[in-house]
Amino acid sequence: MTSAFFSAAAHRHTFTLALPMVLSNITVPLLGLVDTLVIGHLEQAYYLGGVAVGSTIISLIFWLLGFLRMSTTGLAAQAYGAHDGERWVQVLMRGLLLALGLALLVLLLQQPLIELAFWLAGGSDQVQLYGRQYVAIRIWSAPAALANLVLLGWLLGSQNAKAPMWLLILGNSANILLDIWFVMGLGWQVRGAAAATVLADYLALALGLWLVWRTLRRKKFVPAAGFWQRTLERGAFLHLLGLNRDIFIRALCLQLCFVFVTFQGARLGDAVVAANAVLMNFLMFISFGLDGFAYAVEAMVGKAIGRRRRDEFRLACALNLFWGALVAVLFTLVFALGGEWLIGMITSIEAVRTQAALYLPWLVLMPLAACWCYILDGIFIGATRGQDMRDMMLLSTLGVFFPVWWLSQELANHGLWLALLCFMLARGLSLGWALWRLSRQDTFLVQQAPL
């Protein structure tokens with residue numbers, strides 16, 4: 001593996017998978033910026049507040065169902081690596097059926113979900129009113145949004161990063177253009193912002209289905225007799241549900257920690273919670289840089305496991321851990337040298353700038369602490385080792401994050417950031433230990449998940 005690691009072709013292949021996902025991720029904050037600009041130019045602040053609350057609620061629901069992409073990527077990559085065309089397509093079909101089933105469940109339960117979410121969110125009557133308007137429309141994008149997660153994961157697992165890139169870029173670009181047209185051109189206000197996203201999701205679904213059809217046509221896949229009967233086997237769906245359950249629990253724990261930081265920061269004052277929001281935005285940009293290599297390692301590891309190639313598996317891990325660490329060092333240098341300037345670019349409120357600068361050192365350390373868990377998450381997703389991811393996340397959340405916060409409450413907001421830093425370190429260390437243990441036992445390659 002040593003000679004292969006220094007091969008330019010190996011690094012080029014890694015970037016072929018990672019770079020398109022990094023580029024497509026750039027459109028995500030751009031979409032949020034446009035939303036803020038078009039709604040922020042309406043005559044009342046509660047329009048922007050309503051969209052912020054409503055979009056947060058919808059994003060949380062869809063984000064918690066993000067296991068649809070993760071599980072599909074790993075399973076598709078393994079089938080693709082094994083040259084098992086039928087299993088490869090079955091992963092897609094089962095994923096789409098599960099996505100549509102979950103979308104139907106969300107639509108059927110939308111009323112109690114919305115009531116619970118707005119009860120937790122709070123806000124003024126006007127913010128609640130326009131937030132509900134937004135959610136009532138946006139919720140109908142569920143079938144497209146969840147199906148798009150499956151299409152994205154399947155295309156990535158098929159070692160095709162350019163198709164997911166175009167899917168994300170064109171979908172978000174359409175959302176931006178429709179946003180401007182509906183809100184500023186047609187004057188639909190909050191309803192326009194929601195309708196723009198719904199329509200963009202369905203346009204992205206149409207594009208995604210066309211990309212999948214083109215991929216299947218290029219591979220000349222023809223289903224054999226009994227294909228649908230085998231696809232709908234109960235055991236296969238039970239395994240898929242078990243894998244997705246474990247990834248869901250992982251996502252729930254992760255979101256719980258981030259929400260806890262926000263809520264506890266709010267208890268420490270308006271300037272502190274605003275400063276934390278600024279720094280959390282920087283943390284989001286860190287994730288954009290590292291997610292590209294996390295996605296790449298998902299596809300590369302899944303393919304290596306499908307091929308039962310130990311050398312390819314180790315090379316995929318080494319390459320992406322190397323580049324993930326390098327990106328983390330670059331982020332650390334950027335925040336160390338230009339962090340205060342970046343804070344000033346985001347906010348002109350002196351109290352917020354002062355508080356954000358006070359806690360900036362924690363963000364400087366965060367990339368070096370967090371890069372390992374991003375890449376290791378990708379390795380375990382590619383290997384479809386959902387149970388190990390779940391267990392390590394539970395350990396990091398219940399055994400590290402909350403105990404560290406509890407013991408450091410006297411440090412106030414510094415204690416929150418210390419807990420978050422230790423949480424990221426614990427995720428990386430625990431997953432690294434699990435990777436070392438399972439690699440020594442050859443479990444990744446020998447005990448491939450049954451499909």
Side-chain angles (χ1 to χ4, degrees), residues 56-75 78 91 94-95 98-99 101-103 105-106 109 112-113 116-117 120 142 145-146 149-150 152-153 235-263 287 291 294-295 297-298 301-302 370 372-405 419-420 422-435 437-438 443-444 447 449-451:
T56 299
I57 290 169
I58 291 294
S59 296
L60 178 59
I61 293 172
F62 292 168
W63 192 86
L64 288 174
L65 299 176
F67 54 73
L68 290 165
R69 187 209 60 82
M70 297 180 191
S71 62
T72 302
T73 300
L75 294 171
Q78 290 180 18
V91 169
R94 289 171 187 147
L98 180 59
L102 288 170
L105 189 62
V106 168
L109 297 177
L113 285 174
L116 174 62
L120 292 171
L146 299 186
L149 291 175
V150 175
L152 184 69
F237 271 100
L238 288 177
H239 172 260
L240 180 61
L241 289 171
L243 173 60
N244 285 327
R245 175 204 61 213
D246 293 333
I247 300 176
F248 172 78
I249 293 172
R250 167 205 169 270
L252 194 60
C253 289
L254 182 61
Q255 193 65 23
L256 175 63
C257 292
F258 285 129
V259 169
F260 186 83
V261 169
T262 300
F263 285 179
S287 73
D291 270 347
Y295 289 165
V297 80
E298 290 175 24
V301 162
W372 315 107
C373 64
Y374 280 94
I375 307 303
L376 287 164
D377 267 348
I379 293 170
F380 278 81
I381 288 168
T384 59
R385 304 284 309 190
Q387 185 175 348
D388 294 295
M389 292 176 64
R390 178 202 67 195
D391 292 346
M392 298 306 105
M393 180 62 82
L394 286 170
L395 173 65
S396 301
T397 302
L398 303 178
V400 176
F401 177 80
F402 284 107
V404 169
W405 167 77
L420 190 60
C422 291
F423 169 69
M424 292 295 188
L425 279 170
R427 288 176 60 200
L429 289 171
S430 60
L431 285 170
W433 172 79
L435 174 64
R437 176 176 57 85
L438 294 170
T443 305
F444 276 112
Q447 296 182 5
L451 298 174

Contact check, side chains of [X] and [Y], non-hydrogen atoms, under 4.5 Å:
{"X": "D388", "Y": "L431", "value": "no"}
{"X": "V150", "Y": "R94", "value": "no"}
{"X": "Y295", "Y": "T73", "value": "no"}
{"X": "L243", "Y": "L75", "value": "yes"}
{"X": "T384", "Y": "Q78", "value": "yes"}
{"X": "Y374", "Y": "V297", "value": "no"}

| request: Just do the side-chain contact (heavy atoms from CB on, under 4.5 Å) check on L98 and L241 with the steps written out, would you? | output: CA-CA 9 Å; L98 180 59; L241 289 171; 3.7 Å; yes
| Full working for side-chain contact (heavy atoms from CB on, under 4.5 Å) between L435 and F380 | CA-CA 8 Å; L435 174 64; F380 278 81; 4.1 Å; yes
Rounded distance [0.5 Å steps], [atom1] in [X] versus [atom2] in [Y]:
{"X": "I249", "Y": "L256", "atom1": "CD1", "atom2": "CG", "result": "13.0 Å"}
{"X": "I61", "Y": "L146", "atom1": "CD1", "atom2": "CG", "result": "10.0 Å"}
{"X": "I247", "Y": "M70", "atom1": "CD1", "atom2": "CE", "result": "6.5 Å"}
{"X": "W433", "Y": "L438", "atom1": "CH2", "atom2": "CG", "result": "8.0 Å"}
{"X": "L149", "Y": "L152", "atom1": "CG", "atom2": "CG", "result": "7.0 Å"}
{"X": "L254", "Y": "F423", "atom1": "CG", "atom2": "CZ", "result": "5.0 Å"}

Considering only distance and modelled atom types, tabulate donor-acceptor pairs under 3.5 Å from the side chains of residues 394-402, sequence neighbours left out.
from	atom 1	to	atom 2	distance (Å)
S396	OG	M392	O	2.9
S396	OG	R427	N	3.3
T397	OG1	M393	O	2.8

| Worked check of side-chain contact (heavy atoms from CB on, under 4.5 Å) between M389 and D246 | CA-CA 7 Å; M389 292 176 64; D246 293 333; over 6 Å; no
| request: State whether the side chain of Q255 and the backbone N or O of L64 hold a donor-acceptor pair below 3.5 Å, judged by distance alone. | output: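 Side chain of Q255 to backbone of L64: no pair is present.
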| message | Looking at G153, is its backbone amide N or carbonyl O close enough to the side chain of T72 to form a donor-acceptor pair, meaning the two atoms are under 3.5 Å apart? | response | no
| task | Could you walk me through whether E298 and R69 pass side-chain contact (heavy atoms from CB on, under 4.5 Å), step by step? | result | CA-CA 11 Å; E298 290 175 24; R69 187 209 60 82; 2.9 Å; yes
| field | Nearest atoms (heavy-atom pairs only) where N244 meets S71 | value | OD1-OG, 2.7 Å
| message | For V106 versus A142, what's the shortest heavy-atom pair and its separation? | response |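 Looking at all heavy atoms of both residues, the shortest contact is CG1-CB, 4.5 Å.
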